[in-house]
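In what follows, a single structure is set out as structure tokens and then discussed.
Only heavy atoms go into these numbers, but all of them, side chains included; no hydrogens, no water, no symmetry mates. Residue numbers count from 1 along this sequence.
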Amino acid sequence: MKGLRGERLSSQFREEIYNVISTDLRNKHPELSAIVSVISADVAPDLKSCKVYISIFDTDNDRRRNSFAVICDNAGYIRHALSKVLRIRTVPELRFILDDSMEYGEKIDKLLRQIETTNGNDNDE
């Protein structure tokens with residue numbers, strides 16, 4: 001959603017969704033991973049849908065996938081909780097998307113460190 005109103009709504013959605021996940025949902029489902037971040041929320045101009053980008057950091061990949069599944073399964077609950085907090089006529093349908101950018105960045109950093117150490121070893125000879 002473009003414009004000042006769209007940016008404000010996206011920011012408010014991101015903040016409130018994070019609050020619901022970190023408090024209500026975590027109390028309901030203690031199996032959620034320790035670090036869950038709401039990266040962004042992209043609200044459609046007609047307020048019918050909202051793409052929510054979630055980043056979950058966990059060392060265990062199965063736990064990470066399970067945490068994302070719990071969040072997706074509770075999209076209706078999160079939407080209902082948002083309707084109590086936000087003062088808008090309709091709360092959009094929430095679609096959660098797993099954002100792997102943190103893991104991708106970590107992988108790139110690891111590869112760069114490997115290249116750096118191999119180049120350092122070649123220069124020593």
Quiz prompt | Check: Gln114 main-chain N/O paired with Thr117 side-chain donor or acceptor under 3.5 Å | solution = yes
Quick check for you: to the nearest 0.5 Å, what is the distance between [X] atom [atom1] and [Y] atom [atom2]?
{"X": "Gln12", "Y": "Leu86", "atom1": "CD", "atom2": "CG", "answer": "5.0 Å"}
{"X": "Asn66", "Y": "Leu32", "atom1": "CG", "atom2": "CG", "answer": "10.0 Å"}
{"X": "Asp42", "Y": "Ser10", "atom1": "CG", "atom2": "OG", "answer": "6.0 Å"}
{"X": "Tyr53", "Y": "Ile39", "atom1": "OH", "atom2": "CD1", "answer": "11.5 Å"}

Quiz prompt | Least distance between heavy atoms, Phe68 atom then Phe96 atom | solution = CZ-O, 3.6 Å
Practice problem: Search all heavy atoms of Ala41 against all heavy atoms of Cys50 and return the closest pair with its distance. | Solution: CB-SG, 3.9 Å
Self-check item: side chain to side chain donor-acceptor pair (under 3.5 Å): pairs with one or both residues in residues 75-99, sequence neighbours excluded
Solution: Asp99-Ser101
Could you tabulate the donor-acceptor pairs under 3.5 Å formed by side-chain atoms of residues 20-31, not counting sequence neighbours?
residue	atom	partner	partner atom	Å
Ser22	OG	Tyr18	O	2.9
Ser22	OG	Asn19	O	3.3
Thr23	OG1	Asn19	O	2.5
Arg26	NH1	Ser33	O	2.8
Arg26	NH2	Ser33	O	3.4
Asn27	ND2	Thr23	O	3.1
His29	ND1	Glu31	OE2	3.3
His29	NE2	Asn74	ND2	3.3

Quiz item: Got a sec, which pairs hit salt bridge (Lys or Arg N to Asp or Glu O under 4.0 Å) with one end in residues 50-77, sequence neighbours left out?
Solution: Asp58-Arg63, Asp62-Arg65, Arg64-Asp100, Arg64-Glu103
Exercise. Step by step, work out the side chain to side chain contact (heavy atoms under 4.5 Å, CB included) result for Ile71 and Ile56.
Key: CA-CA 11 Å; Ile71 292 171; Ile56 301 172; 4.3 Å; yes
Quiz item: Heavy-atom distance under 4.5 Å between the side chains of Val52 and Ile54, does that happen here?
Solution: yes
Quiz item: Given side chains that start at C-beta, do those of Phe13 and Val43 come closer than 4.5 Å, heavy atoms only?
Solution: yes
Practice problem: Would you sort out whether Leu94 and Leu82 count as a side chain to side chain contact (heavy atoms under 4.5 Å, CB included), showing the intermediate values? | Solution: CA-CA 10 Å; Leu94 302 174; Leu82 289 177; 4.0 Å; yes
